[in-house]
2 protein chains.
Amino acid sequence: MGRHREFDVDKALDAALSVFWKNGYEGTSFEDLTRATGVARPGLYSAFGNKETLFFKAIDRYDTKHLTYLREALAEPDVHSAVRRFFEGSITVQTLNGEGRGCAVLNGALACSTETEPIRQELIARQKLTEDAWRVRLERGLQEGELPPSTNCAMLAGYLMAVNHGLGVQAKAGASKASLAAIVEHVLATLPPAPTKKRDAHQAPLPSHRRPSRRDAK
Amino acid sequence: MGRHREFDVDKALDAALSVFWKNGYEGTSFEDLTRATGVARPGLYSAFGNKETLFFKAIDRYDTKHLTYLREALAEPDVHSAVRRFFEGSITVQTLNGEGRGCAVLNGALACSTETEPIRQELIARQKLTEDAWRVRLERGLQEGELPPSTNCAMLAGYLMAVNHGLGVQAKAGASKASLAAIVEHVLATLPPAPTKKRDAHQAPLPSHRRPSRRDAK
DNA sequence: AGCTTTTTATAATGATTGGTACTGAAAGAG
DNA sequence: CTCTTTCAGTACCAATCATTATAAAAAGCT
């Protein structure tokens, strides 16, 4: 009873996400949003509240639609596979061209006006959740013997996130997926190696030449 | 012959830099600038042109005042020292609290409205110059035998920049200098090693246990 | 002293911004 | 059919934005 909504709320949300992803929060005007969604101002307000609530609904949408790789990565059976899955998913999402480039969260989390600072802080908090999840996963890997005993899991989680942020910056600047993938390979190749169980240093396969004592000395 | 300017142009520029560094270009209003500089609108226009020209004068100021470490790093005698100097300088500048956090260039280079896109592209171009300088420096290091023959200098330059961008993001989000320094140590420890000249693997100092053949096999 | 030049400070300007008011249209119930 | 509810579309609103206009003040010259 009453007129039915003509536009598809989910489609409008996807369109809004795409604009926010590209321009960030402050760089996106309400006019941009009405143009991209094809919905007039009151329609968007009626469906989503206001610009800020729409923004966070879009970010949530980004999370559920595009960040599944993170949960998949954290569920991988070993640390190396987890990190690989993470970065592969990351560079795939961050080099999408039709929908967005870089990371929608990062694109709003760097600098803004004083009035928008609370929004930025919320985005930073989301990044922090991801870093914490990595630290927990790495600590589990450490306990399971996948990482050298001296591994600083907080540092390594911070490192992984720093690299990911940097890849996001480069993706937003136009870097190709292939060039980002090469960086990912380097990162994977330089992850702390699993400690060896035995000391047959001269007969073990090549990776066994990586001795934990070298890192302990640091 | 005429009234003398009462404000110090350099001090005003420093104040403007600080605001742009914190809020980015679009997040900084002209009101923010007049407040921070203590100079009225016409005075700022008279001295600097308009908001955009002031922004780039501020970025140039950032370059000359704070990015000397980059030139110093590129002038270091060996690659390892160069990279170390680079990151040490970077995390020092990016964790300054009074003046700014993160990187003033990066803070404006991620996302913005359509009208501001040319400004963003200019900032991206500056980042690209730095990455190119690193690639050239690494290629020189490769020729001088400091890096394994298989080293992909473009990839490594991209990697260094990605890490640096990521450190900037984390610094802007409030990370401490010490936590960034730990990440830097990890990066330095995982740089491609100089190839050994001889094969006295059992008597050389510890770093010599890093064999180029391991990277070649990758 | 008056005159000219340049800066300071306040006010004004037109455009843009996020949000709301209002009217007509659509949908369903009785 | 009328009535009620809800949406669509246009117009409107107050605040903000970068920039300019204007009048007064300061500085130096004659």
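Reckoned from all heavy atoms, side chains included, excluding hydrogens, waters and symmetry mates.
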Asker: Roughly, in whole Å, what's the span from CZ in B:R5 to C1' in C:dA9?
Answerer: 15 Å
Asker: Considering only NZ, NE, NH1 and NH2 on the basic side and carboxylate oxygens on the acidic side, decide whether B:R137 and B:D132 come within less than 4.0 Å.
Answerer: no
Asker: Side chains of B:S113 and A:N23: any donor to acceptor distance under 3.5 Å?
Answerer: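 Side chains of A:N23 and B:S113: no pair found under 3.5 Å.
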Asker: Can you pull out the residues from residues 104-120 of chain A that lie within a 4.0 Å heavy-atom distance of DNA chain D?
Answerer: none
Asker: Can you give the dot-bracket line for DNA chain C, using ( ) for pairs inside the strand, [ ] for pairs that cross earlier ones, | for pairs with another strand and . for unpaired bases, where Watson-Crick and G-U count if both distances are under 3.5 Å?
Answerer: ||||||||||||||||||||||||||||||
Asker: Scan for ring pair (Phe, Tyr, Trp, His ring centres under 6.0 Å) pairs involving residues 34-59 of chain B, sequence neighbours excluded, and state none if there are none.
Answerer: B:F20-B:F55, B:Y25-B:F55, B:F30-B:Y45
Asker: Would you classify B:Y45 as touching base, sugar-phosphate or nothing, given that sugar-phosphate means primed atoms plus P, OP1 and OP2, and contacts are heavy atoms under 4.0 Å?
Answerer: base
Asker: Which of residues 10-37 of chain B have a heavy atom under 4.0 Å from DNA chain D?
Answerer: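 Going residue by residue through residues 10-37 of chain B, the ones with a heavy atom under 4.0 Å of DNA chain D turn out to be B:T28, B:S29, B:F30.
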Asker: Does B:T190 use its side chain to pair, donor to acceptor, with the backbone of B:H186 at less than 3.5 Å?
Answerer: yes
Asker: Measure across B:N107 and B:K172 and return the closest heavy-atom pair with its distance rounded to 0.1 Å.
Answerer: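 Looks like ND2-CE, 3.4 Å.
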Asker: Testing the basics here: between A:P149 and A:P195, what is the closest heavy-atom pair and its distance to 0.1 Å?
Answerer: CD-CG, 4.3 Å
Asker: Which nucleotide, C:dA9, D:dA18, C:dT20, lies nearest any side-chain atom of A:R41?
Answerer: C:dT20
Asker: Taking the minimum atom-to-atom distance to the side chain of A:A40, which one of C:dA9, D:dG9, D:dA18 wins?
Answerer: D:dG9
Asker: For A:E76, is there an ion pair with A:R84 - N to carboxylate O distance below 4.0 angstrom?
Answerer: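 Salt bridge absent between A:R84 and A:E76.
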Asker: Using atom CZ of A:F7 as one end and atom P of D:dG9 as the other, report the distance to the nearest whole Å.
Answerer: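 About 10 Å, once rounded to whole Å.
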Asker: Regarding A:D60 and A:R126, does a basic nitrogen lie under 4.0 Å from an acidic carboxylate oxygen?
Answerer: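 Here A:D60 pairs with A:R126 in a salt bridge, since their nearest N and O are under 4.0 Å apart.
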Asker: Taking 4.0 Å as the cut-off, does a side-chain nitrogen or oxygen of B:N50 come that near to OP1 or OP2 on D:dT19?
Answerer: yes
Asker: Is it true that B:E72 and B:R85 have a side-chain N and a carboxylate O under 4.0 angstrom from each other?
Answerer: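 Between B:R85 and B:E72 there is a salt bridge, with a charged N closer than 4.0 Å to a carboxylate O.
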Asker: Mind running side chain to side chain contact (heavy atoms under 4.5 Å, CB included) on B:R101 and B:L96 for me, showing each step along the way?
Answerer: CA-CA 6 Å; B:R101 273 211 152 238; B:L96 294 172; over 6 Å; no
Asker: Does the pair B:E131/B:R135 count as a salt bridge with the N-to-O cut at 4.0 Å?
Answerer: no
Asker: Just grab all the ring pair (Phe, Tyr, Trp, His ring centres under 6.0 Å) pairs involving residues 69-115 of chain B, residues at least two apart or on different chains.
Answerer: B:F86-B:W134
Asker: Please give, in whole Å, the distance from D:dA18 C1' to B:F48 CZ?
Answerer: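 Going from CZ in B:F48 over to C1' in D:dA18 covers 16 Å.
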Asker: Between the side chains of A:Q143 and A:E139, is a donor N or O closer than 3.5 angstrom to an acceptor N or O?
Answerer: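 Not at all, the side chains of A:Q143 and A:E139 share no donor-acceptor pair under 3.5 Å.
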Asker: Could you list all N or O pairs between the protein and nucleotides 22-26 of chain D that sit under 3.5 Å apart?
Answerer:
from: D:dA26; atom 1: O4'; to: B:R3; atom 2: NE; distance (Å): 3.3

